[in-house]
Amino acid sequence: WKTCQENGILGTCLLITKGIAVYFAISSQKGAKLFCPALFFKAEKCMRRNFVLNQRQVIKMVFEIPQKVEMIINILEKAGYEAYAVGGCVRDSIMGLTPNDWDITTSALPSDIKEYFNKTIDTGIEHGTVTVMLHNVGYEVTTYRIDGEYKDGRHPSSVEFSDRLTDDLCRRDFTINAMAYNNVTGLVDEYGGIEDINNRIIKCVGNPIERFTEDALRMMRAIRFSAQLGFTIEADTFKAIEKLNRNIDKVSMERVCVELKKTLLSDNPDYCSLYATTGLFNNILPVIADNLTGRYAKKLLLTCKYTDNELPLRLAAILFVCSPDEARTALRNLRMDNKTIDTVVKILTYAPLHIDETEPAVREALHQCGRDIFMLVIILQRASIKASEEITFISNPAKYNHLNKLQRMADDILERGDCFTIKDLDITGVDLIEYGLKGAEIGNTLNTLLDIVIENPKLNDKATLIALLDNLK
C-alpha cells in the first residue's frame, strides 16, 4: 500500500495487484481516511487472494445505487434503452459523499418513460424530464438531449432529443458533473472528471467561454462547488469568469441568493471572496463586493470562517463593517428572506454594545436583544477575536474571558428563570387596572417595575410589586 495526502483533504490510496494500479479517493477533514471502508476491506481481501481488480470492478464497489434508482435503470434497460445515474450523484459517490438526490439520464423519450412506469409527473417534459414516482418518492429521469441556442444567457431556446449519451454529457457545466454510471457499462467519464477530482479542480466541459455564455449562473456555481468541495478553479475557467462577469446581470437575484447561501454554509465560507475578486458582485451587490475586497476583507472573511455554520451569523460576518440599515438594504437587494434579514440586522445592532460583567447588565442585554440574538452576538464576537488574533499574531485572552463570563452569567440567568421581559413579570396590566391605573400609565409602570426586577429578580413577586406601586407615585 502506498498512501499520499494533499493538504490533508484529498489524496489517493494506491493498491498494486498483479501489475494493475487501482486508485481510491481519500476524503476527510481530519487527516486521511478511506472514503469507503467496505471498499478497503474488499480490496485488501482480493489482494490477499491474488485476485485481479479491474477498473470496472473497483468503481462498482464504490457505488451504492439506491434500490429504486437501480430498478428504474433496469426497467429501461430491459426495454431496450440506455439509462445511467448522472451528474452530482456520480461525483459524490466517487468522492465518498452521500448524494442528496439521484438523477437519471436515458435514451428513452419522455413518452417511452411514461409508458413503463405507473405514476409519473411531467416535471419538465418540454426539456425531456419526467419524474417517476415510486412509493411517494420522485426520481427525475431525463432524455439525452442537445441544447439549442441560449438566447437569454440562462436557458436554451430549444432542445433536441438524442440517443447518444455523449451528446448529453458534453452540454454539462463542469467535468466533475459530466460523468455517468450504471452497473452494466460502469463509469462513463469522457471529460476527465475523475482526474479533476484527484487534482481537486473545477474545470468546464470544453470551452469555458462557451459554457458561461450559455448560462451565466454557471460562473457562480463554479465558485460554490469550489467552496463546497475545497477545490481550486482551473485557470482558464477562472479567467472566463473574470471576462464574462457582467453577464451575471442575466441571472435573477433569487438564484444569486441561493448560490451565495450555499457558499456561505459550506466548509469554506471564505471562498465567497471570489464573487468579489472575479467582479461578479461589483454591479449587482456592490456593498458586499466592497466588504469582500476592502480594507477589512481579511478580517471579515476569517470571522465568517470561524463563526458557527448558521446563515445569519455568516452574513453578519461579511457585513460586520456595515451599519444595520446598510446591511438591511444589501440583504433586501439580495432578495434574502425577511426572517434572516431581521436576525442579521439585530446581530449587527447589538454586537457593538459593551456589556459589564454583572448579572443586572446581562439581564438588561437579554431584555434588549432577546436570548437568541444575545447568544449569536457572543458567537460572532468570539469569531471576530479569533480572526484578529490570526491577523495580528497577538492573543487576547482578556476578551475571550469576558465573553465566556458573559455567556456563563446568561446561562445561569436562563437556568434560574430570572425575569428580563415584561411578560415574565409576576404582575400584569389587568392587575394595574384593578389598582386604578389607566392608559399610558399602565405601560410606563410595567417598564419601571421591569427595570427594578432586572436589578433584583427576587422582587418579582406579585405582592411585592403591588407594594412597590405606592413608592412609584
Side-chain angles (χ1 to χ4, degrees), residues 201-202 208 212 216-251 253 255-307 311-336 340-341 344-345 347-348 351-352 380 383-393:
I201 62 173
I202 304 296
F212 294 146
L217 182 64
R218 288 171 175 169
M219 296 186 286
M220 287 197 71
R221 282 168 57 84
I223 294 171
R224 188 251 294 177
F225 280 125
S226 75
Q228 290 179 323
L229 302 175
F231 285 12
T232 301
I233 299 175
E234 180 261 345
D236 287 341
T237 301
F238 192 88
K239 289 176 183 176
I241 296 174
E242 292 180 311
K243 182 175 181 179
L244 299 174
N245 57 41
R246 294 189 70 89
N247 284 7
I248 199 67
D249 291 340
K250 299 177 181 180
V251 180
M253 196 57 76
R255 294 307 301 269
V256 170
C257 184
V258 168
E259 293 299 321
L260 178 58
K261 285 195 290 188
K262 289 180 178 180
T263 305
L264 287 172
L265 293 175
S266 72
D267 290 337
N268 300 286
D270 49 318
Y271 281 37
C272 68
S273 63
L274 295 175
Y275 294 125
T277 56
T278 56
L280 284 175
F281 279 7
N282 287 358
N283 292 320
I284 61 172
L285 293 167
V287 172
I288 294 178
D290 288 345
N291 285 2
L292 297 179
T293 56
R295 177 182 175 186
Y296 300 104
K298 186 173 182 179
K299 182 176 180 181
L300 298 182
L301 290 166
L302 285 172
T303 301
C304 185
K305 178 180 178 181
Y306 291 136
T307 196
L311 183 61
L313 279 171
R314 293 194 165 174
L315 285 168
I318 64 173
L319 293 168
F320 212 176
V321 293
C322 295
S323 71
D325 286 341
E326 289 173 332
R328 187 187 300 276
T329 299
L331 294 176
R332 282 178 174 170
N333 290 340
L334 184 57
R335 303 292 192 272
M336 190 65 64
T340 300
I341 292 175
V344 173
V345 169
I347 293 172
L348 295 178
L380 183 64
S384 179
I385 294 169
K386 188 173 182 180
S388 294
E389 288 182 339
E390 183 166 325
I391 293 170
T392 63
F393 302 102

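Remember, predicted model here, so these are calculated numbers, not experimental data. Each residue takes its place number in the sequence, starting with 1. Values reported hereafter were calculated over all heavy atoms of this structure, with side chains retained and with hydrogens, waters and symmetry mates removed.
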Enquirer: Any chance you could measure Arg335, atom CZ, to Ile341, atom CD1, to the nearest 0.5 Å?
Expert: 10.0 Å
Enquirer: Taking side-chain contact (heavy atoms from CB on, under 4.5 Å) as the definition, give me every residue that meets it alongside Leu311, ordered by chain and number, with sequence neighbours left out.
Expert: Lys261, Leu264, Leu265, Leu315, Met336, Thr340
Enquirer: Sequence neighbours excluded and cut-off under 3.5 Å, please list the side-chain donor-acceptor pairs for residues 276-292, or say none.
Expert:
unit_1: Thr277; atom_1: OG1; unit_2: Ser273; atom_2: O; d: 3.4
unit_1: Thr278; atom_1: OG1; unit_2: Leu274; atom_2: O; d: 2.6
unit_1: Asn291; atom_1: ND2; unit_2: Ile318; atom_2: O; d: 2.9

Enquirer: Give me the atom names and distance for the closest heavy-atom approach of Thr263 to Ala227.
Expert: CG2-CB, 3.8 Å
Enquirer: When you compare the side chain of Tyr275 with that of Val256, does any pair of heavy atoms fall below 4.5 Å?
Expert: no
Enquirer: Please give me the minimum heavy-atom distance between Glu259 and Leu217, naming the atom from each residue.
Expert: CG-CD1, 3.8 Å
Enquirer: Taking the side chain as every heavy atom from C-beta outward, state whether Leu302 and Lys386 have any atom pair closer than 4.5 Å.
Expert: no
Enquirer: Looking only at atom types and distance, does a side-chain atom of Ser388 sit under 3.5 Å from a main-chain N or O of Ser384, one as donor and one as acceptor?
Expert: yes
Enquirer: If you compare all heavy atoms of Ala240 against all heavy atoms of Phe212, which two are closest, and at what distance to 0.1 Å?
Expert: CB-CD1, 3.7 Å
Enquirer: CZ/Arg328 to CG/Leu348 distance, rounded to the nearest 0.5 angstrom?
Expert: 10.5 Å
Enquirer: A side-chain contact here means heavy atoms from C-beta on lying under 4.5 Å apart; do Met220 and Val251 qualify?
Expert: no
Enquirer: May I ask you to test the Cys272-Leu301 pair for a side-chain heavy-atom distance under 4.5 Å?
Expert: yes
Enquirer: State the CD1-CZ distance between Ile202 and Arg224, to the nearest 0.5 angstrom.
Expert: 10.0 Å
Enquirer: Search all heavy atoms of Asn268 against all heavy atoms of Gly230 and return the closest pair with its distance.
Expert: ND2-CA, 3.6 Å
Enquirer: Can you list the residues that meet the salt bridge (charged side-chain N to carboxylate O under 4.0 Å, His left out) rule with Arg246, with sequence neighbours excluded?
Expert: none
Enquirer: Working to the nearest 0.5 angstrom, can you tell me the gap between Lys262 NZ and Ile223 CD1?
Expert: 14.5 Å
Enquirer: What are the two closest heavy atoms between Met219 and Asn247, and how far apart are they?
Expert: CE-CB, 4.1 Å
Enquirer: Checking Asn333 against Met253 for the side-chain contact (heavy atoms from CB on, under 4.5 Å) test, could you report, in this order, the C-alpha distance in whole Å, the side-chain angles of both residues, the deciding distance, and whether it holds?
Expert: CA-CA 8 Å; Asn333 290 340; Met253 196 57 76; 5.7 Å; no
Enquirer: Please lay out, stage by stage, how Thr329 and Asp325 fare under the test side-chain contact (heavy atoms from CB on, under 4.5 Å).
Expert: CA-CA 6 Å; Thr329 299; Asp325 286 341; 5.5 Å; no
Enquirer: Side-chain contact test, heavy atoms from C-beta onward, threshold under 4.5 Å: evaluate it for Cys304 versus Asp270 and give yes or no.
Expert: no
Enquirer: Kindly compute the distance separating CZ (Phe320) from CD1 (Ile347), expressed to the nearest 0.5 Å.
Expert: 9.5 Å
Enquirer: For the CG atom of Leu300 and the NZ atom of Lys305, what is their distance to the nearest 0.5 Å?
Expert: 14.5 Å
Enquirer: Indicate the atoms forming the closest heavy-atom contact of Tyr271 with Phe231, along with that distance.
Expert: CE2-O, 3.7 Å
